[in-house]
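Bear in mind the structure is a predicted one, so any value in this text is a computation, not a measurement.
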Amino acid sequence: MLKPENPLRGDYSRMRNDYTVEQDWHAYTAEEHDLYRRLLERQSSKLKGHAAEEFIENVHRLSSDGIPRFEEANLILQSATNWKIVAVPGLIPDDTFFTHLAHRQFPVTVWLRKPEEFDYIVEPDIFHDFFGHVPLLLNPIFADHLQEYGKGGLRAMKLNAVPFLARLYWYMVEFGLILTPEGLRTYGAGILSSGGEIIHCIDSPQPNRIKFDLQRVMQTEYRIDRYQDTYFVIDSFQQLFDETSVDFAPIYEKLKTLEPIDPSGVLPTDTLVNHPASVNQKAA
Ligand code: HBI
Ligand code: FE
């Protein structure tokens, strides 16, 4: 998802045609297991009051001591939603990425960040991919949504519309918020794997929080190298699934005639969600 300017990290020399590799779990060092454990502890301590319940309940089902074994996770995934994860060297081309999702296979990067990248990394690593993305693959509705995104990606390629669909993925799968009876929560993998943004997206009065609107989201640019200026808020995964189960082709045609919206822009037609402090107080 993240598009680095620099050459890709990761070893692409031993991959198969579909960009998959062996995880080679035994090759991870004790230091890497320890770093993963510390990332896991840090993020786990921040979930309550910030992460969606659907994420929290499933993250526990995938718990590991150190770097997880994909084979073990796959036993759980396959019986829950018939998804599996496949090991990849890092970022892979759009068409390959979409094809995996369309087949209910989520590509997970095998390498782990360096200790000095504890707080911030641009490219997805195994912690972002596994901790951030895999738990919601155990949620049946979200799991179906992600498969539809893969199929939609392949269609978007033919319609020259991948950038529009990529915005949907960005604002929902990576940075989505959900309004629950207990208050605002996040289910986005980019946020859930970030030590800072998981707090910021819920507790800071700074960002805009705008009710989900499909065309609005696909019209909005994003920045990859800082906290988001704007988050879009769904009411439920069912809403996300239903409102994205439409033919995107006419929306793409319309979007091609419109100027993109700046990441920090707020329009008169937007429905803003109250600052979470007041939402959370009301629920408390
Ligand atoms: N590859 N490994 C990996 N992970 C991603 O999230 C990813 C990718 N390739 C392409 C991509 N994302 C995006 O460009 C699409 O979602 C549009
Ligand atoms: Fe991601």
Side-chain angles (χ1 to χ4, degrees), residues 1 16 18-28 32-48 50-90 92 97-113 124-151 169 172-174 176 178 180 185-194 198 236-238 240-241:
M1 186 67 238
R16 308 177 187 98
D18 64 357
Y19 278 76
T20 62
V21 295
E22 290 301 318
Q23 184 189 15
D24 199 7
W25 187 83
H26 293 283
Y28 295 115
E32 287 175 317
H33 284 293
D34 186 58
L35 177 60
Y36 195 98
R37 214 172 278 125
R38 286 187 288 125
L39 285 162
L40 192 59
E41 272 169 24
R42 190 260 302 260
Q43 278 323 94
S44 300
S45 74
K46 298 183 180 189
L47 296 179
K48 201 172 174 335
H50 298 100
E53 205 46 54
E54 291 91 338
F55 180 85
I56 296 178
E57 68 194 27
N58 287 321
V59 86
H60 295 308
R61 294 169 67 186
L62 295 163
S63 67
S64 61
D65 181 27
I67 296 176
R69 293 180 196 246
F70 294 175
E71 278 173 27
E72 284 180 12
N74 276 341
L75 298 175
I76 301 169
L77 280 164
Q78 265 159 345
S79 71
T81 54
N82 202 31
W83 270 76
K84 67 187 276 200
I85 54 182
V86 290
V88 292
I92 60 179
F97 182 69
F98 295 142
T99 301
H100 281 303
L101 297 188
H103 291 94
R104 294 176 91 85
Q105 301 191 146
F106 194 83
V108 176
T109 301
V110 288
W111 55 264
L112 181 65
R113 67 192 67 188
D125 71 340
I126 187 173
F127 184 72
H128 165 81
D129 281 340
F130 191 92
F131 180 85
H133 286 285
V134 180
L136 281 181
L137 297 176
L138 294 170
N139 178 278
I141 303 170
F142 195 85
D144 286 351
H145 171 69
L146 213 58
Q147 180 179 23
E148 289 308 312
Y149 177 85
K151 294 188 209 163
Y169 191 85
M172 292 290 105
V173 178
E174 298 288 355
I178 183 166
T180 78
R185 298 289 185 268
T186 181
Y187 65 91
I191 299 176
L192 289 161
S193 59
S194 156
I198 187 170
S236 64
F237 291 145
Q238 191 65 51
L240 176 62
F241 185 79

Nearest-0.5 Å distance, [atom1] of residue [X] to [atom2] of residue [Y]:
X: Y187; Y: I178; atom1: OH; atom2: CD1; value: 7.0 Å
X: F70; Y: L77; atom1: CZ; atom2: CG; value: 11.0 Å
X: E174; Y: T186; atom1: CD; atom2: OG1; value: 10.5 Å

- [ ] Output yes when E71 and K84 qualify as a salt bridge under the 4.0 Å nitrogen-oxygen rule, no when they do not.
- [x]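 A salt bridge is absent here (no side-chain N lies under 4.0 Å from a carboxylate O).
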- [ ] Give a yes or no on whether a salt bridge exists between E41 and R38, defined as a side-chain N under 4.0 angstrom from a carboxylate O.
- [x]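 A salt bridge is absent here (no side-chain N lies under 4.0 Å from a carboxylate O).
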Task: Candidates L240, L136, L101, L146 - the one meeting side chain to side chain contact (heavy atoms under 4.5 Å, CB included) with V173 - done: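 Of all the options given, the one that passes is L146.
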is_close_aromatic([X], [Y]), centroid dist under 6.0 Å:
X: F98; Y: Y149; answer: yes
X: F130; Y: Y36; answer: no
X: F131; Y: F55; answer: yes

Open item on the list: Quick one: does any side-chain atom of S193 pair with a main-chain N or O of A189 as donor and acceptor, under 3.5 Å?
Closed with: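 Answer holds: yes.
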TODO: State which residues pass salt bridge (Lys or Arg N to Asp or Glu O under 4.0 Å) with K46; sequence neighbours excluded, sorted by chain then number.
DONE: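 Salt bridge (Lys or Arg N to Asp or Glu O under 4.0 Å) check on K46 returns nothing, list empty.
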Task: Residues V110, I126; criterion side chain to side chain contact (heavy atoms under 4.5 Å, CB included); working and verdict - done: CA-CA 5 Å; V110 288; I126 187 173; 5.7 Å; no
Open item on the list: Does the plane of the ring in F142 sit parallel, tilted or perpendicular to the ring in H145? Use 30° and 60° as the thresholds.
Closed with: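 Correct class here is tilted.
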